[in-house]
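As the structure is a computational prediction, the values presented were derived from the model and not from experiment. Note that ligands are numbered from 1 as they come in the structure, with each ligand's atoms numbered from 1 the same way.
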Amino acid sequence: MELATSSQIPFIISILFSLAAGACAGSFINATAMRTAADKKWWGGERSSCDKCGKVLQAPDLVPIFSFIFLRGRCRYCGEPISRRHFAVEVISAAGTAALFARWGLSPALAFSLAVFWFSLFNSLTDIEIGYIYDVWAVALGALGMLMRIPAGWPAMIDGALGGLIGFGFIAMVILVSRGGMGWGDAMLMLGIGGAVGWRYSALSLYVGFMVGGVIVLPLLAMKKLKRKDAIPLGPFLAAGSVIVLFFGNVLVRRLSYFMSARPGWPWG
Ligand SMILES: [Zn+2]
């Protein structure tokens, strides 16, 4: 049996490449999110070091995913366990990046998808670690999205502006009505995501994000594993909603064509 026909080889190579690129992006995003949350500079004198013994890590310790596996999750110098967080973020980023490549191929939609995915990963990590979404990193995604919309002309740019408005406006409404639960960081997160994805995907991201949040949070509340006053970071649910929409938005838009136009809009098709 042949492993792959020759016509599949370019696709397989590009999937392997996107796995590797995604793992490296994940490693970078994780490191910068940790430094941002700890109020440290991204660049400068500081090299990556073991969280436990502080030894500066060398190249073989820093290969995303593989170092963790070959070192069996332990620091080469002190033998203490390495936080699984590094490995988990690298795997999530590699898998998501390759899956988005498989979904969209080399296209403008892929560029938008990767921007949304990588920025959302960063914002989710700071939200989970310290309960804070940095406005500047939320808004940066929206600004990048608007820049990427310029070549497609006014309709695409208006779509992005509406997307940001819907995302921000809806969360702002929830904040004002519920007085708690959601914060302005969540509103800024959706401003950025909406500006990148446009109004239809922005509305869908809110819908799917709240569904995901409800499916996970409500049972935990019911089982009393969570209390109502516990600070639950909601950014990751909104981010997850937007990433799910990157994959299935077009199907949902067609399903909902009664009140949304049947086409999802540029760059989604
Ligand atoms: Zn160590």
Side-chain angles (χ1 to χ4, degrees), residues 13-101 114-138 140-141 183 185-186 189 192 212 216-217 220 225-227 230-240 243:
I13 290 173
S14 41
I15 290 294
L16 290 175
F17 177 78
S18 54
L19 280 170
C24 294
S27 173
F28 176 74
I29 289 164
N30 188 45
T32 49
M34 287 176 92
R35 288 186 179 191
T36 303
D39 237 345
K40 287 186 195 157
K41 273 195 279 184
W42 284 18
W43 287 284
E46 204 164 347
R47 308 261 309 274
S48 293
S49 58
C50 171
D51 297 333
K52 303 274 162 49
C53 66
K55 184 123 172 67
V56 171
L57 300 177
Q58 304 299 320
D61 309 316
L62 292 168
V63 183
I65 298 178
F66 289 103
S67 288
F68 187 89
I69 295 173
F70 286 122
L71 296 170
R72 296 203 198 85
R74 290 181 178 278
C75 171
R76 199 145 61 92
Y77 309 102
C78 66
E80 288 293 312
I82 303 167
S83 162
R84 294 221 178 120
R85 168 182 170 160
H86 306 288
F87 182 69
V89 174
E90 286 157 11
V91 168
I92 289 169
S93 180
T97 301
L100 286 168
F101 182 87
L114 291 180
V116 170
F117 177 51
W118 288 339
F119 274 88
S120 296
L121 189 56
F122 179 96
N123 291 325
S124 298
L125 287 172
T126 64
D127 200 14
I128 292 169
E129 188 178 348
I130 57 167
Y132 193 78
I133 294 170
Y134 291 81
D135 287 351
V136 54
W137 293 114
L141 171 62
D186 299 315
L189 178 74
V212 173
I216 293 173
V217 172
L220 291 175
K225 300 244 181 213
L226 275 177
K227 296 197 190 72
D230 284 342
I232 308 161
L234 297 173
F237 296 117
L238 295 168
V243 173

Item to check | Single hit among Arg35, Glu90, His86 for side-chain hydrogen bond (donor to acceptor under 3.5 Å, both in side chains) with Asn30 | outcome: His86
Checklist entry - How about Phe87 and Ile69: do any of their side-chain heavy atoms sit closer than 4.5 Å? => result yes
Checklist entry - Taking only residues two or more places apart in sequence, or in another chain, which ones meet Ala37 in a side-chain contact (heavy atoms from CB on, under 4.5 Å)? => result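 Residues passing side-chain contact (heavy atoms from CB on, under 4.5 Å) with Ala37: Glu129, Ile130.
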Next on the checklist: Give me the atom names and distance for the closest heavy-atom approach of Thr126 to Ile133.
Outcome noted: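 Closest approach of Thr126 to Ile133: OG1-CA, 4.0 Å.
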Next on the checklist: What verdict does the side chain to side chain contact (heavy atoms under 4.5 Å, CB included) test give for Phe70 and Val63, after you've listed the backbone C-alpha separation in whole Å, the side-chain angles of each residue and the deciding distance to 0.1 Å?
Outcome noted: CA-CA 10 Å; Phe70 286 122; Val63 183; over 6 Å; no
Checklist entry - Is the closest side-chain heavy-atom distance between Asp127 and Tyr132 below 4.5 Å? => result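 Answer no - side chains too far apart.
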Checklist entry - Around the Zn ion (ligand 1), how many protein N, O or S atoms are there at under 2.8 Å? => result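 Of the protein's nitrogen, oxygen and sulfur atoms, 4 lie under 2.8 Å from the Zn ion (ligand 1).
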